[in-house]
Protein chains: 2
Amino acid sequence: MTDISRSGCPINLSLEVLGDKWSLLIIRDMMFGNRRHFRELLTKSEEGISSNILADRLKTLLDEGIITREEDPTHKQKGIYSLTEQGIELLPVLAQMAAWGYKYLPVSQELGIRARLLSEGGPKLWAEFMDELRESHLGTKRRKRAGPSVGERLQAAYESVVKRK
Amino acid sequence: MTDISRSGCPINLSLEVLGDKWSLLIIRDMMFGNRRHFRELLTKSEEGISSNILADRLKTLLDEGIITREEDPTHKQKGIYSLTEQGIELLPVLAQMAAWGYKYLPVSQELGIRARLLSEGGPKLWAEFMDELRESHLGTKRRKRAGPSVGERLQAAYESVVKRK
DNA sequence: AAAACCGATTGCATTTTGCAACTGGTTGCA
DNA sequence: TGCAACCAGTTGCAAAATGCAATCGGTTTT
């Protein structure tokens, strides 16, 4: 890891950490796909990351404080990766990027539905989803809300599109 | 350029276009630094991009419809690069990324001030700035507003921090 | 006891990046 | 008119990052 940075610009510094083709996809899978183990991230992603790259990126994300790793008590070898608050707060970045991609790039129907809902929901929905992530990744208690969670709604929407095809 | 994409996910597709260490910095300089010529982008950026990388990225951004290039009527060799609507709408992505970097990374005081103002201003300020960009890059007419533009305010804030040091 | 699964690591080929020098042309100035 | 400075890139080459497939030592399942 290089310690020297090219400049103190916030965008540049962010790109030095996240500016590659995989890091944000890993975050995405942790957020929206609920992937928490190495194997899940490796095999259940659309894009097919290779194991050495995944290992390398997870290490960087750990070093940067964007994720944490703990042992799975039920399985000595499994590590559980979690988002930190810093990682959870990447949601707005991903949401904006998804909205832009949805608008301008050849997004598939089933993978676009989440972007659309997230975009339509706006910052208010993002905040609610981030609260849910705090619960599942940080163990934060939060008062129960009525009805399905944002995560569940996104998942349900995705599945209904898949089913319709 | 590879035409095949790894998946139809909007985030993935966006990253296939913008997921490197330089593309978004070029967009940033065009948006906030008002750089419109090759030389300006090459020499006036904080980070020091090299000319072959810059040429390559400009080509990609052209191909993707994020920027356009036209001849400068006053100077036969100079090309003028402009953001398209698609490029202008990357502002929210940059703004969120800047806000995240500002909060969590060792941002320098003078380069952080823009991120802070942009973050505090929120989507409303972004929309105003995007309107200004439409005027300067697309030639769109817009009704004159009172007082300094968003671009001018950001610039003034930056200069006042530099001066104070 | 064997097979399957776990999180990685290794070796190696390909691709991308980064640096420095350079190109062919244009413009500004003496 | 001639020459220096400037323009947008291009070229050659070394170094680093990426991608693939095979593998590793250990754990869990059957």
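Values in this document were obtained by computation on a predicted structure and should not be read as measured data. A note on names: the letters A, B, ... follow the listed sequences, proteins ahead of strands, and every chain is numbered from 1.
In terms of position along DNA chain C, the nucleotide closest to A/Tyr81 lies nearer the 5' end than the nucleotide closest to the other residue of the pair A/Arg6 and A/Tyr81.
Listed here is the closest heavy atom pair of A/Gln96 and B/Pro92: OE1-CB, 3.3 Å. What you find for A/Leu25 and B/Asn12 is that their closest heavy atoms are CD1-OD1, 3.6 Å.
No cation-pi contact links A/Arg36 to A/Tyr81, judged by a cut-off of 6.0 Å to the six-membered ring centre and 45° from its axis.
The separation between B/Leu42 atom CG and C/dA21 atom P is 15 Å, rounded to whole Å. In this structure, A/Ile67 places its CD1 atom 13 Å from P of C/dG7, rounding to the nearest Å. Between the CD1 atom of B/Ile53 and the P atom of D/dA15 there is a distance of 16 Å, given to the nearest Å. Rounded to an integer number of Å, the gap from B/Leu41 CG to D/dC7 C1' is 14 Å. One interatomic measurement links the two molecules: CG of A/Leu61 to P of C/dG7, which rounds to 16 Å at whole-angstrom precision. Distance A/Leu62 CG to C/dG7 C1': 13 Å, rounded to the nearest Å. In this entry the distance linking CG of A/Asp56 with C1' of C/dG7 reads 15 Å, nearest Å. In this structure, CG of A/Asp72 is placed 11 Å from C1' of C/dC6, rounded to the nearest angstrom.
In terms of phosphate contacts, A/Lys59 brings a side-chain nitrogen or oxygen within less than 4.0 Å of OP1 or OP2 of C/dT9.
Residues forming a ring-ring contact (aromatic ring centres under 6.0 Å, His included) with B/Phe129 (at least two apart in sequence, or on another chain): B/Phe32.
In this structure, the side chains of B/Glu64 and A/Tyr104 stay at 4.5 Å or more apart for every pair of heavy atoms.
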(message) One character per nucleotide, please: for nucleotides 20-30 of chain D, 5' to 3', B when the base has a protein heavy atom closer than 4.0 Å, S when only the sugar-phosphate does, - otherwise.
(response) B-B--BBSS--
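Linking Ile, Leu, Val, Met, Phe, Trp and Tyr residues whenever their side-chain heavy atoms come within less than 4.5 Å leaves A/Leu41 and A/Ile80 in two separate clusters.
Between B/Arg134 and B/Asp131, at least one side-chain N (NZ, or NE/NH1/NH2) sits under 4.0 Å from a carboxylate O, which counts as a salt bridge.
Of the residues in residues 22-39 of chain A, those placing a heavy atom less than 4.0 Å from an atom of DNA chain C are A/His37, A/Phe38, A/Arg39, in numerical order.
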(message) Would A/Leu13 and B/Val107 count as a side-chain contact (heavy atoms from CB on, under 4.5 Å) here? Give the steps.
(response) CA-CA 7 Å; A/Leu13 291 168; B/Val107 167; 3.8 Å; yes
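The backbone N or O of A/Ala99 lies less than 3.5 Å from no partner atom in the side chain of A/Ser119, so there is not a single donor-acceptor pair.
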